[in-house]
Trainee: 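Mind having a look at this structure? Questions to follow.
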Amino acid sequence: MTSNLHDRLAGLTHREADWAGLRVLVAGLGVSGFAAADALLERGAHVVVVDGSSADSTPEMAERARILEILDAELRFGPDHVSRMPSEQVDLVVTSPGWPPTQPLLAAAAEAGVAIWGEVELAWRMRPLEGAAPWLTVTGTNGKTTTVQMLTSILRAAGERAISAGNVGTPILEAIMDPEPFDAIAVELSSFQLHWSDSIRPQASACLNIAPDHVDWHGSYEEYAKAKGKVYEGTEIACIYNVDDPQTERLVEDADVQEGCRAVGFTLGTPAPSMLGVVGDVLADRAFVEQRRHAAAELATLDDLRGDAADVAPHLVANALAAAALARAHGVDAGAVRAGLRDFRPEPHRIAHVATIDDVRWVDDSKATNPHAAAASLTAYEKVVWIAGGLLKGADVDDLVRSAAPHLRAVVLMGRDRAAIATALARHAPDVPVVDVADTDTGAMDRIVTEAAQLALAGDVVLLAPAAASMDMFVNYGARGDAFAEAVLRRAPSGE
(Lines give C-alpha, C1' and ligand atoms only; values in the text may rest on other atoms or scores of the structure.)
Protein backbone atom coordinates (compact mmCIF):
# COMPACT_ATOMS: atom_id res chain seq x y z
CA MET A 1 0.00 0.00 0.00
CA THR A 2 1.41 3.42 -0.94
CA SER A 3 1.81 6.07 1.74
CA ASN A 4 -0.73 8.29 -0.05
CA LEU A 5 -3.35 5.54 -0.03
CA HIS A 6 -2.53 4.70 3.58
CA ASP A 7 -3.06 8.35 4.56
CA ARG A 8 -6.28 8.53 2.59
CA LEU A 9 -7.74 5.43 4.26
CA ALA A 10 -6.65 6.71 7.67
CA GLY A 11 -8.62 9.88 6.98
CA LEU A 12 -11.86 8.02 6.24
CA THR A 13 -13.28 8.48 9.74
CA HIS A 14 -16.76 9.85 8.93
CA ARG A 15 -19.24 9.87 6.09
CA GLU A 16 -18.37 13.43 5.02
CA ALA A 17 -14.78 12.35 4.27
CA ASP A 18 -13.51 11.89 0.70
CA TRP A 19 -14.85 8.47 -0.34
CA ALA A 20 -15.34 9.42 -4.00
CA GLY A 21 -13.42 7.30 -6.47
CA LEU A 22 -12.14 4.85 -3.87
CA ARG A 23 -11.81 1.42 -5.51
CA VAL A 24 -13.44 -1.06 -3.15
CA LEU A 25 -13.89 -4.80 -3.48
CA VAL A 26 -16.87 -6.02 -1.42
CA ALA A 27 -16.47 -9.70 -0.58
CA GLY A 28 -19.83 -11.44 -0.28
CA LEU A 29 -23.34 -10.34 -1.25
CA GLY A 30 -25.16 -11.28 1.92
CA VAL A 31 -27.12 -8.78 4.00
CA SER A 32 -24.00 -7.06 5.32
CA GLY A 33 -22.23 -7.08 1.94
CA PHE A 34 -25.23 -5.46 0.27
CA ALA A 35 -25.40 -2.77 2.98
CA ALA A 36 -21.67 -2.08 2.59
CA ALA A 37 -21.86 -1.80 -1.20
CA ASP A 38 -24.92 0.45 -1.02
CA ALA A 39 -23.29 2.83 1.50
CA LEU A 40 -20.05 3.01 -0.49
CA LEU A 41 -21.85 3.68 -3.77
CA GLU A 42 -23.82 6.47 -2.12
CA ARG A 43 -20.51 8.10 -1.14
CA GLY A 44 -19.19 7.89 -4.72
CA ALA A 45 -16.84 4.91 -4.41
CA HIS A 46 -16.25 2.53 -7.30
CA VAL A 47 -17.53 -0.83 -6.05
CA VAL A 48 -16.91 -4.36 -7.31
CA VAL A 49 -18.89 -7.08 -5.51
CA VAL A 50 -17.79 -10.72 -5.65
CA ASP A 51 -19.68 -13.76 -4.43
CA GLY A 52 -18.99 -17.45 -4.87
CA SER A 53 -22.60 -18.34 -5.61
CA SER A 54 -24.69 -17.47 -8.65
CA ALA A 55 -26.68 -14.26 -8.99
CA ASP A 56 -29.96 -16.18 -8.87
CA SER A 57 -29.02 -18.64 -6.10
CA THR A 58 -31.81 -17.21 -3.95
CA PRO A 59 -34.56 -14.65 -4.59
CA GLU A 60 -32.89 -12.37 -2.01
CA MET A 61 -29.54 -12.58 -3.83
CA ALA A 62 -31.17 -11.79 -7.16
CA GLU A 63 -32.93 -8.75 -5.70
CA ARG A 64 -29.71 -7.41 -4.12
CA ALA A 65 -27.86 -7.90 -7.39
CA ARG A 66 -30.58 -6.10 -9.35
CA ILE A 67 -30.50 -3.08 -7.03
CA LEU A 68 -26.70 -2.80 -7.01
CA GLU A 69 -26.55 -3.03 -10.81
CA ILE A 70 -28.96 -0.10 -11.02
CA LEU A 71 -26.60 1.81 -8.68
CA ASP A 72 -23.65 1.05 -11.03
CA ALA A 73 -21.85 -1.55 -8.95
CA GLU A 74 -19.90 -4.18 -10.85
CA LEU A 75 -20.99 -7.70 -9.89
CA ARG A 76 -18.94 -10.87 -10.35
CA PHE A 77 -20.41 -14.23 -9.39
CA GLY A 78 -18.91 -17.71 -9.20
CA PRO A 79 -16.07 -19.56 -7.44
CA ASP A 80 -13.32 -18.12 -9.66
CA HIS A 81 -14.00 -14.57 -8.44
CA VAL A 82 -13.54 -15.46 -4.75
CA SER A 83 -10.40 -17.56 -5.18
CA ARG A 84 -8.04 -14.68 -6.01
CA MET A 85 -7.75 -10.91 -6.15
CA PRO A 86 -8.88 -9.27 -9.41
CA SER A 87 -6.29 -8.06 -11.86
CA GLU A 88 -7.21 -4.37 -11.55
CA GLN A 89 -6.10 -2.18 -8.64
CA VAL A 90 -8.06 -2.45 -5.39
CA ASP A 91 -7.67 0.20 -2.68
CA LEU A 92 -9.73 -1.56 -0.02
CA VAL A 93 -11.47 -4.87 0.62
CA VAL A 94 -14.66 -4.87 2.70
CA THR A 95 -15.46 -8.41 3.79
CA SER A 96 -18.56 -10.08 5.08
CA PRO A 97 -17.96 -11.33 8.65
CA GLY A 98 -18.17 -15.04 7.89
CA TRP A 99 -15.12 -15.00 5.60
CA PRO A 100 -12.06 -16.20 7.58
CA PRO A 101 -8.56 -14.76 7.10
CA THR A 102 -7.56 -18.00 5.36
CA GLN A 103 -10.14 -17.52 2.59
CA PRO A 104 -8.05 -17.37 -0.62
CA LEU A 105 -9.13 -13.93 -1.78
CA LEU A 106 -8.61 -12.39 1.67
CA ALA A 107 -5.29 -14.17 2.13
CA ALA A 108 -4.15 -12.80 -1.24
CA ALA A 109 -5.29 -9.29 -0.29
CA ALA A 110 -3.38 -9.45 2.99
CA GLU A 111 -0.25 -10.70 1.24
CA ALA A 112 -0.49 -7.84 -1.25
CA GLY A 113 -0.83 -5.31 1.59
CA VAL A 114 -4.40 -4.32 0.72
CA ALA A 115 -6.40 -3.03 3.70
CA ILE A 116 -9.26 -5.34 4.80
CA TRP A 117 -12.18 -3.97 6.79
CA GLY A 118 -15.28 -5.71 8.06
CA GLU A 119 -18.67 -4.11 7.58
CA VAL A 120 -18.66 -3.05 11.26
CA GLU A 121 -15.35 -1.20 10.76
CA LEU A 122 -16.85 0.45 7.67
CA ALA A 123 -19.96 1.42 9.64
CA TRP A 124 -17.89 3.08 12.37
CA ARG A 125 -16.06 5.09 9.70
CA MET A 126 -19.37 6.00 8.05
CA ARG A 127 -20.83 7.74 11.10
CA PRO A 128 -21.78 11.40 10.70
CA LEU A 129 -19.14 13.94 11.59
CA GLU A 130 -21.46 15.60 14.12
CA GLY A 131 -24.09 14.05 16.37
CA ALA A 132 -23.17 10.39 15.89
CA ALA A 133 -25.07 8.00 18.17
CA PRO A 134 -22.88 6.35 20.81
CA TRP A 135 -22.29 2.61 20.47
CA LEU A 136 -22.86 0.25 23.39
CA THR A 137 -21.12 -2.96 22.29
CA VAL A 138 -21.62 -6.54 23.45
CA THR A 139 -19.75 -9.73 22.69
CA GLY A 140 -19.33 -13.15 24.32
CA THR A 141 -19.65 -16.79 23.43
CA ASN A 142 -23.26 -16.85 24.61
CA GLY A 143 -25.97 -14.41 25.62
CA LYS A 144 -25.07 -11.60 23.21
CA THR A 145 -28.43 -11.35 21.49
CA THR A 146 -30.45 -11.49 24.69
CA THR A 147 -28.26 -8.85 26.34
CA VAL A 148 -28.41 -6.50 23.35
CA GLN A 149 -32.18 -6.84 23.14
CA MET A 150 -32.54 -6.24 26.88
CA LEU A 151 -30.35 -3.17 26.53
CA THR A 152 -32.45 -1.84 23.66
CA SER A 153 -35.60 -2.36 25.72
CA ILE A 154 -34.05 -0.41 28.61
CA LEU A 155 -32.92 2.44 26.34
CA ARG A 156 -36.39 2.72 24.84
CA ALA A 157 -37.94 2.71 28.31
CA ALA A 158 -35.70 5.69 29.04
CA GLY A 159 -37.30 7.52 26.13
CA GLU A 160 -34.42 7.14 23.70
CA ARG A 161 -34.64 6.23 20.04
CA ALA A 162 -32.53 3.08 20.15
CA ILE A 163 -31.96 0.02 17.98
CA SER A 164 -30.30 -3.39 18.16
CA ALA A 165 -27.81 -3.80 15.32
CA GLY A 166 -24.73 -5.67 14.15
CA ASN A 167 -24.83 -9.42 14.56
CA VAL A 168 -28.53 -9.23 15.45
CA GLY A 169 -31.48 -7.55 13.78
CA THR A 170 -30.56 -4.59 11.59
CA PRO A 171 -27.19 -4.53 9.80
CA ILE A 172 -25.07 -1.91 11.53
CA LEU A 173 -24.59 0.07 8.32
CA GLU A 174 -28.35 0.39 7.90
CA ALA A 175 -28.62 1.76 11.43
CA ILE A 176 -25.78 4.21 10.80
CA MET A 177 -27.25 5.44 7.52
CA ASP A 178 -30.82 5.82 8.82
CA PRO A 179 -32.05 9.30 7.88
CA GLU A 180 -33.48 9.79 11.39
CA PRO A 181 -30.54 9.55 13.80
CA PHE A 182 -30.66 7.24 16.79
CA ASP A 183 -29.87 8.33 20.34
CA ALA A 184 -27.91 5.13 20.99
CA ILE A 185 -27.13 1.88 19.20
CA ALA A 186 -26.86 -1.46 21.03
CA VAL A 187 -24.34 -3.37 18.91
CA GLU A 188 -23.90 -7.15 19.04
CA LEU A 189 -20.44 -8.11 17.82
CA SER A 190 -19.33 -11.61 16.90
CA SER A 191 -15.70 -12.68 17.09
CA PHE A 192 -15.69 -12.61 13.27
CA GLN A 193 -16.79 -8.99 13.20
CA LEU A 194 -14.30 -8.00 15.88
CA HIS A 195 -11.46 -9.67 14.02
CA TRP A 196 -12.01 -7.34 11.07
CA SER A 197 -12.46 -4.18 13.20
CA ASP A 198 -9.82 -1.85 14.64
CA SER A 199 -11.15 1.71 14.95
CA ILE A 200 -14.35 1.28 17.00
CA ARG A 201 -14.50 3.45 20.12
CA PRO A 202 -17.64 2.48 22.07
CA GLN A 203 -19.16 4.49 24.89
CA ALA A 204 -19.39 1.29 26.94
CA SER A 205 -18.56 -2.33 26.13
CA ALA A 206 -19.11 -5.81 27.53
CA CYS A 207 -17.73 -9.30 27.08
CA LEU A 208 -20.20 -11.65 28.74
CA ASN A 209 -18.17 -14.87 28.78
CA ILE A 210 -15.63 -16.84 26.78
CA ALA A 211 -15.65 -20.56 26.00
CA PRO A 212 -14.18 -22.47 23.05
CA ASP A 213 -16.13 -21.72 19.87
CA HIS A 214 -15.27 -20.97 16.24
CA VAL A 215 -11.73 -22.21 16.85
CA ASP A 216 -11.66 -23.56 13.30
CA TRP A 217 -12.29 -20.03 11.96
CA HIS A 218 -9.76 -18.26 14.20
CA GLY A 219 -7.11 -20.99 14.14
CA SER A 220 -6.79 -21.32 17.93
CA TYR A 221 -8.65 -20.62 21.15
CA GLU A 222 -6.10 -17.90 21.96
CA GLU A 223 -6.90 -16.05 18.74
CA TYR A 224 -10.63 -16.42 19.40
CA ALA A 225 -10.24 -14.91 22.89
CA LYS A 226 -8.03 -12.16 21.48
CA ALA A 227 -10.76 -11.24 18.99
CA LYS A 228 -13.34 -11.10 21.77
CA GLY A 229 -11.05 -8.81 23.77
CA LYS A 230 -11.10 -6.23 20.98
CA VAL A 231 -14.58 -5.23 22.14
CA TYR A 232 -12.94 -3.26 24.97
CA GLU A 233 -10.43 -1.35 22.84
CA GLY A 234 -10.94 2.40 22.96
CA THR A 235 -13.91 2.26 25.34
CA GLU A 236 -14.86 5.67 26.72
CA ILE A 237 -16.79 5.23 29.98
CA ALA A 238 -17.02 1.61 31.19
CA CYS A 239 -15.75 -1.87 30.30
CA ILE A 240 -18.24 -4.39 31.67
CA TYR A 241 -16.81 -7.80 32.62
CA ASN A 242 -18.15 -11.02 34.13
CA VAL A 243 -16.82 -11.52 37.67
CA ASP A 244 -17.60 -15.24 37.38
CA ASP A 245 -15.49 -15.56 34.19
CA PRO A 246 -12.01 -14.19 35.09
CA GLN A 247 -10.93 -14.31 31.44
CA THR A 248 -13.18 -11.35 30.73
CA GLU A 249 -11.53 -9.25 33.45
CA ARG A 250 -8.10 -10.10 32.07
CA LEU A 251 -9.22 -8.87 28.66
CA VAL A 252 -10.20 -5.55 30.24
CA GLU A 253 -6.80 -5.32 31.90
CA ASP A 254 -5.09 -5.87 28.54
CA ALA A 255 -7.23 -3.34 26.64
CA ASP A 256 -6.11 0.13 25.61
CA VAL A 257 -9.05 2.28 26.72
CA GLN A 258 -9.71 6.00 26.88
CA GLU A 259 -8.56 8.02 29.89
CA GLY A 260 -11.02 7.73 32.77
CA CYS A 261 -12.70 4.51 31.54
CA ARG A 262 -13.75 2.26 34.42
CA ALA A 263 -13.86 -1.51 34.83
CA VAL A 264 -17.29 -2.58 36.11
CA GLY A 265 -18.09 -6.18 37.01
CA PHE A 266 -21.37 -8.08 37.13
CA THR A 267 -21.94 -11.13 39.29
CA LEU A 268 -24.74 -13.45 40.35
CA GLY A 269 -23.45 -13.01 43.90
CA THR A 270 -23.42 -10.01 46.20
CA PRO A 271 -21.73 -7.11 44.41
CA ALA A 272 -18.62 -5.41 45.72
CA PRO A 273 -18.06 -1.71 44.99
CA SER A 274 -17.87 -1.02 41.21
CA MET A 275 -20.03 -4.07 40.51
CA LEU A 276 -23.63 -4.98 39.80
CA GLY A 277 -25.00 -8.14 41.40
CA VAL A 278 -27.83 -9.87 43.19
CA VAL A 279 -28.88 -9.34 46.80
CA GLY A 280 -31.73 -11.67 47.72
CA ASP A 281 -34.07 -11.25 44.76
CA VAL A 282 -32.86 -7.73 43.91
CA LEU A 283 -30.57 -6.70 41.05
CA ALA A 284 -28.36 -4.13 42.76
CA ASP A 285 -25.98 -1.49 41.40
CA ARG A 286 -22.87 -0.55 43.41
CA ALA A 287 -21.04 0.94 40.43
CA PHE A 288 -23.06 3.87 39.10
CA VAL A 289 -24.16 5.37 42.42
CA GLU A 290 -22.65 7.92 44.74
CA GLN A 291 -21.06 6.51 47.88
CA ARG A 292 -20.81 3.12 46.20
CA ARG A 293 -18.74 1.75 49.09
CA HIS A 294 -21.72 2.09 51.41
CA ALA A 295 -24.81 2.23 49.17
CA ALA A 296 -26.50 0.48 46.26
CA ALA A 297 -29.35 1.23 43.87
CA GLU A 298 -32.16 -1.29 43.32
CA LEU A 299 -32.49 -1.77 39.56
CA ALA A 300 -35.04 -4.59 39.34
CA THR A 301 -36.13 -7.83 40.96
CA LEU A 302 -36.14 -11.40 39.73
CA ASP A 303 -39.91 -11.09 39.30
CA ASP A 304 -39.30 -8.26 36.81
CA LEU A 305 -37.32 -10.73 34.68
CA ARG A 306 -39.73 -13.61 35.00
CA GLY A 307 -42.30 -12.48 32.44
CA ASP A 308 -44.40 -15.48 31.42
CA ALA A 309 -41.79 -18.03 32.54
CA ALA A 310 -42.08 -20.22 35.61
CA ASP A 311 -38.56 -19.36 36.75
CA VAL A 312 -35.55 -17.27 35.78
CA ALA A 313 -32.45 -19.07 34.51
CA PRO A 314 -29.19 -17.80 36.04
CA HIS A 315 -27.72 -16.85 32.68
CA LEU A 316 -30.77 -14.66 32.00
CA VAL A 317 -30.05 -12.81 35.26
CA ALA A 318 -26.41 -12.39 34.19
CA ASN A 319 -27.52 -10.99 30.82
CA ALA A 320 -29.84 -8.53 32.59
CA LEU A 321 -27.02 -7.32 34.85
CA ALA A 322 -24.72 -6.77 31.86
CA ALA A 323 -27.43 -4.89 29.96
CA ALA A 324 -28.19 -2.79 33.04
CA ALA A 325 -24.50 -1.95 33.48
CA LEU A 326 -24.21 -0.77 29.88
CA ALA A 327 -27.37 1.31 30.22
CA ARG A 328 -26.18 2.84 33.48
CA ALA A 329 -22.85 3.75 31.86
CA HIS A 330 -24.88 5.50 29.18
CA GLY A 331 -26.72 7.49 31.87
CA VAL A 332 -30.04 5.63 32.18
CA ASP A 333 -31.75 5.89 35.57
CA ALA A 334 -32.75 2.93 37.71
CA GLY A 335 -36.47 3.28 36.96
CA ALA A 336 -35.93 2.89 33.23
CA VAL A 337 -33.77 -0.20 33.82
CA ARG A 338 -36.63 -1.83 35.71
CA ALA A 339 -39.21 -0.82 33.11
CA GLY A 340 -37.07 -2.05 30.23
CA LEU A 341 -36.40 -5.41 31.84
CA ARG A 342 -40.09 -5.86 32.61
CA ASP A 343 -40.96 -5.14 28.96
CA PHE A 344 -38.33 -7.51 27.56
CA ARG A 345 -39.36 -10.87 26.14
CA PRO A 346 -36.73 -13.45 25.06
CA GLU A 347 -36.36 -14.18 21.38
CA PRO A 348 -37.80 -17.44 20.03
CA HIS A 349 -35.94 -20.69 20.75
CA ARG A 350 -34.10 -19.30 23.78
CA ILE A 351 -35.35 -20.99 26.97
CA ALA A 352 -38.85 -20.86 25.49
CA HIS A 353 -41.60 -22.69 27.38
CA VAL A 354 -43.51 -24.83 24.88
CA ALA A 355 -46.02 -26.71 27.06
CA THR A 356 -46.56 -28.50 30.35
CA ILE A 357 -47.98 -31.98 29.83
CA ASP A 358 -48.64 -34.40 32.72
CA ASP A 359 -46.53 -32.18 35.01
CA VAL A 360 -43.55 -32.33 32.63
CA ARG A 361 -42.32 -29.02 31.24
CA TRP A 362 -41.08 -28.89 27.64
CA VAL A 363 -38.50 -26.16 26.95
CA ASP A 364 -37.06 -25.10 23.57
CA ASP A 365 -33.47 -23.83 23.73
CA SER A 366 -32.58 -24.71 20.16
CA LYS A 367 -30.41 -21.58 20.09
CA ALA A 368 -27.96 -23.41 22.40
CA THR A 369 -25.77 -24.30 19.44
CA ASN A 370 -22.54 -24.87 21.39
CA PRO A 371 -21.59 -26.64 24.64
CA HIS A 372 -21.25 -23.43 26.67
CA ALA A 373 -24.79 -22.32 25.85
CA ALA A 374 -26.19 -25.79 26.56
CA ALA A 375 -24.43 -25.91 29.94
CA ALA A 376 -26.12 -22.68 31.00
CA SER A 377 -29.54 -24.21 30.27
CA LEU A 378 -28.92 -27.67 31.70
CA THR A 379 -27.66 -26.45 35.05
CA ALA A 380 -30.67 -24.15 35.48
CA TYR A 381 -33.02 -27.10 36.15
CA GLU A 382 -33.01 -29.79 38.82
CA LYS A 383 -33.83 -32.81 36.64
CA VAL A 384 -33.71 -32.80 32.86
CA VAL A 385 -34.40 -35.15 30.01
CA TRP A 386 -31.87 -33.69 27.62
CA ILE A 387 -32.30 -33.71 23.83
CA ALA A 388 -28.88 -33.14 22.31
CA GLY A 389 -26.82 -33.53 19.15
CA GLY A 390 -26.18 -32.13 15.71
CA LEU A 391 -23.00 -30.63 14.28
CA LEU A 392 -20.42 -30.10 17.04
CA LYS A 393 -17.95 -28.34 14.70
CA GLY A 394 -15.07 -29.92 16.59
CA ALA A 395 -16.23 -28.72 20.02
CA ASP A 396 -15.34 -30.81 23.09
CA VAL A 397 -18.39 -31.84 25.13
CA ASP A 398 -16.58 -33.44 28.08
CA ASP A 399 -16.82 -30.42 30.39
CA LEU A 400 -20.46 -29.91 29.43
CA VAL A 401 -21.45 -33.49 30.24
CA ARG A 402 -19.41 -33.50 33.47
CA SER A 403 -21.15 -30.35 34.75
CA ALA A 404 -24.59 -31.47 33.59
CA ALA A 405 -24.42 -35.05 34.90
CA PRO A 406 -26.10 -34.38 38.30
CA HIS A 407 -29.05 -32.80 36.51
CA LEU A 408 -29.70 -35.54 33.96
CA ARG A 409 -32.70 -37.86 34.22
CA ALA A 410 -32.04 -39.24 30.73
CA VAL A 411 -30.70 -38.21 27.34
CA VAL A 412 -32.08 -38.52 23.81
CA LEU A 413 -29.40 -38.12 21.15
CA MET A 414 -29.85 -37.01 17.55
CA GLY A 415 -27.79 -35.72 14.66
CA ARG A 416 -24.51 -36.44 12.99
CA ASP A 417 -22.13 -36.01 15.94
CA ARG A 418 -24.26 -37.72 18.60
CA ALA A 419 -21.63 -40.43 19.13
CA ALA A 420 -19.24 -37.88 20.66
CA ILE A 421 -21.87 -36.93 23.23
CA ALA A 422 -22.62 -40.62 23.88
CA THR A 423 -18.94 -41.24 24.59
CA ALA A 424 -18.80 -38.35 27.06
CA LEU A 425 -21.97 -39.60 28.76
CA ALA A 426 -20.50 -43.09 29.13
CA ARG A 427 -17.46 -41.53 30.78
CA HIS A 428 -19.10 -38.97 33.09
CA ALA A 429 -22.72 -40.15 33.52
CA PRO A 430 -22.64 -43.92 33.02
CA ASP A 431 -25.89 -44.53 34.96
CA VAL A 432 -27.98 -42.07 32.94
CA PRO A 433 -30.27 -43.76 30.37
CA VAL A 434 -29.41 -42.78 26.81
CA VAL A 435 -31.58 -43.28 23.71
CA ASP A 436 -29.95 -42.89 20.30
CA VAL A 437 -32.28 -41.73 17.50
CA ALA A 438 -30.47 -42.21 14.22
CA ASP A 439 -33.36 -40.99 12.06
CA THR A 440 -32.88 -37.79 10.05
CA ASP A 441 -36.10 -37.73 8.04
CA THR A 442 -38.99 -35.30 8.51
CA GLY A 443 -40.56 -37.48 11.20
CA ALA A 444 -37.40 -37.71 13.30
CA MET A 445 -38.42 -35.03 15.80
CA ASP A 446 -41.70 -36.82 16.57
CA ARG A 447 -39.73 -39.95 17.45
CA ILE A 448 -37.26 -37.91 19.53
CA VAL A 449 -40.10 -36.27 21.47
CA THR A 450 -41.84 -39.63 21.97
CA GLU A 451 -38.67 -41.13 23.46
CA ALA A 452 -38.21 -38.12 25.73
CA ALA A 453 -41.81 -38.32 26.96
CA GLN A 454 -41.34 -41.96 27.92
CA LEU A 455 -38.23 -41.11 29.96
CA ALA A 456 -39.54 -38.03 31.81
CA LEU A 457 -41.06 -38.16 35.30
CA ALA A 458 -43.51 -35.71 36.85
CA GLY A 459 -41.67 -32.51 37.76
CA ASP A 460 -38.94 -33.00 35.13
CA VAL A 461 -38.03 -30.65 32.30
CA VAL A 462 -37.56 -32.00 28.77
CA LEU A 463 -34.97 -29.63 27.36
CA LEU A 464 -33.95 -29.22 23.73
CA ALA A 465 -30.46 -27.73 24.21
CA PRO A 466 -28.51 -29.47 21.44
CA ALA A 467 -25.01 -28.06 22.14
CA ALA A 468 -24.52 -28.29 18.38
CA ALA A 469 -25.42 -26.60 15.13
CA SER A 470 -28.50 -27.75 13.25
CA MET A 471 -27.59 -27.94 9.57
CA ASP A 472 -27.20 -31.72 9.45
CA MET A 473 -30.96 -32.10 9.91
CA PHE A 474 -32.53 -28.62 9.71
CA VAL A 475 -32.13 -25.37 7.80
CA ASN A 476 -31.20 -23.52 11.00
CA TYR A 477 -31.72 -23.62 14.76
CA GLY A 478 -35.07 -21.87 14.36
CA ALA A 479 -36.41 -24.65 12.14
CA ARG A 480 -35.13 -27.19 14.66
CA GLY A 481 -36.91 -25.41 17.51
CA ASP A 482 -40.11 -25.11 15.48
CA ALA A 483 -40.03 -28.84 14.71
CA PHE A 484 -39.58 -29.60 18.41
CA ALA A 485 -42.43 -27.32 19.49
CA GLU A 486 -44.76 -28.73 16.83
CA ALA A 487 -43.96 -32.31 17.86
CA VAL A 488 -44.55 -31.47 21.54
CA LEU A 489 -47.86 -29.74 20.84
CA ARG A 490 -49.06 -32.72 18.81
CA ARG A 491 -48.81 -34.69 22.06
CA ALA A 492 -50.60 -32.08 24.15
CA PRO A 493 -54.25 -32.50 25.15
CA SER A 494 -56.63 -30.26 23.22
CA GLY A 495 -56.48 -26.72 24.55
CA GLU A 496 -52.92 -26.91 25.89
Side-chain angles (χ1 to χ4, degrees), residues 1-2 5 8-9 11-101 103-110 112-128 165-167 169-179 192-193 196-197 199:
M1 186 190 305
T2 66
L5 178 57
R8 184 182 182 192
L9 292 177
L12 297 176
T13 58
H14 54 85
R15 71 179 60 164
E16 287 80 17
D18 182 17
W19 297 86
L22 193 72
R23 291 161 296 200
V24 185
L25 179 70
V26 174
L29 189 52
V31 173
S32 61
F34 173 79
D38 185 37
L40 286 160
L41 289 163
E42 187 177 335
R43 306 258 75 77
H46 173 70
V47 176
V48 175
V49 181
V50 297
D51 195 284
S53 63
S54 62
D56 57 356
S57 58
T58 66
E60 294 81 9
M61 181 75 79
E63 178 66 10
R64 293 179 200 129
R66 185 185 68 80
I67 293 170
L68 291 181
E69 283 178 338
I70 292 171
L71 296 175
D72 288 333
E74 184 177 343
L75 304 177
R76 300 174 185 175
F77 290 94
D80 287 348
H81 294 297
V82 300
S83 62
R84 51 183 166 75
M85 287 286 285
S87 57
E88 68 267 32
Q89 183 177 338
V90 173
D91 298 330
L92 170 69
V93 173
V94 175
T95 180
S96 297
W99 290 39
Q103 198 279 336
L105 185 150
L106 298 185
V114 178
I116 305 173
W117 297 351
E119 96 285 9
V120 176
E121 175 76 8
L122 178 64
W124 180 259
R125 291 169 177 264
M126 282 274 185
R127 294 171 309 134
N167 199 46
T170 303
I172 185 64
L173 267 164
E174 285 188 23
I176 290 300
M177 304 303 286
D178 193 293
F192 305 159
Q193 291 168 318
W196 297 116
S197 301
S199 302

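Values reported hereafter were calculated over all heavy atoms of this structure, with side chains retained and with hydrogens, waters and symmetry mates removed. Residues take their numbers from the sequence shown, with the count starting at 1. Fair warning: this is a prediction, and the values are worked out from it, not measured in the lab.
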Trainee: Which pair of heavy atoms, one from V94 and one from A36, lies closest together, and at what distance?
Mentor: CG1-CB, 3.9 Å

Trainee: Rounded to the nearest 0.5 Å, what separation is found between the CD1 atom of I176 and the OG1 atom of T170?
Mentor: 11.5 Å

Trainee: Please determine whether a side-chain nitrogen of the Lys or Arg among R66 and E63 lies less than 4.0 Å from a carboxylate oxygen of the Asp or Glu.
Mentor: yes

Trainee: Taking all heavy atoms of D91 and all of G21, pick out the closest pair and write down the distance.
Mentor: OD2-O, 4.4 Å

Trainee: Look only at the side chain of D56 and the backbone of A62, and say whether a donor-acceptor pair between them is shorter than 3.5 Å.
Mentor: no

Trainee: Hey, are the side chains of P86 and V48 touching, using non-hydrogen atoms and a 4.5 Å cut-off?
Mentor: no

Trainee: Only one of V50, T95, I116 clears side chain to side chain contact (heavy atoms under 4.5 Å, CB included) with L105; which?
Mentor: V50

Trainee: For the atom pair CG (L12) and CG (L92), what is the distance rounded to the nearest 0.5 Å?
Mentor: 8.0 Å

Trainee: How far apart are the closest heavy atoms of R8 and A20, and which atoms are they?
Mentor: NH2-O, 2.6 Å

Trainee: Measure from the side-chain N and O atoms of E121 to the backbone N and O of S199, and report whether any donor-acceptor pair falls under 3.5 Å.
Mentor: yes

Trainee: Step by step, would you call L106 with W196 a side-chain contact (heavy atoms from CB on, under 4.5 Å)?
Mentor: CA-CA 11 Å; L106 298 185; W196 297 116; 3.7 Å; yes

Trainee: Quick one: CD on E74 to NE2 on H46, what's the gap to the nearest 0.5 Å?
Mentor: 5.5 Å

Trainee: Looking at Q193 and G166, what are the two nearest heavy atoms and their distance?
Mentor: NE2-C, 3.8 Å

Trainee: Treating R127 as the side-chain partner and W124 as the backbone partner, does any N or O pair qualify as donor plus acceptor under 3.5 Å?
Mentor: yes

Trainee: Within the distance-only criterion (no hydrogens, no angle test), does the side chain of W19 pair as donor or acceptor with the backbone N or O of L41 below 3.5 angstrom?
Mentor: no

Trainee: For a 4.5 angstrom cut-off between non-hydrogen side-chain atoms, does E42 reach M177?
Mentor: yes

Trainee: Looking at every heavy atom in both S54 and M61, which two are closest together, and how far apart are they?
Mentor: O-CG, 3.8 Å

Trainee: Would you indicate whether the side-chain heavy atoms of D38 and E174 approach each other to under 4.5 Å?
Mentor: no

Trainee: Going from CE on M126 to CG on L173, what distance comes out if it is rounded to the nearest 0.5 angstrom?
Mentor: 7.0 Å

Trainee: Shortest non-hydrogen contact from A65 to F77?
Mentor: CB-CZ, 4.0 Å

Trainee: I need the R64 CZ to E69 CD distance, nearest 0.5 Å.
Mentor: 14.0 Å

Trainee: Quick check for you: to the nearest 0.5 Å, what is the distance between L40 atom CG and L68 atom CG?
Mentor: 10.5 Å

Trainee: Keeping Q103 on the side-chain end and V82 on the backbone end, is there a donor-acceptor pair under 3.5 Å?
Mentor: yes

Trainee: Taking the side chain as C-beta and beyond, is there a heavy-atom pair between F34 and E60 under 4.5 Å?
Mentor: no

Trainee: Can you find a pair of side-chain heavy atoms, one from P100 and one from F192, that are under 4.5 Å apart?
Mentor: no

Trainee: Would you say the side-chain atoms of R43 pair up with the backbone N or O of L22, donor to acceptor, closer than 3.5 Å?
Mentor: no

Trainee: Okay, side chain of R15, backbone of A39: is any donor-acceptor separation there less than 3.5 Å?
Mentor: no

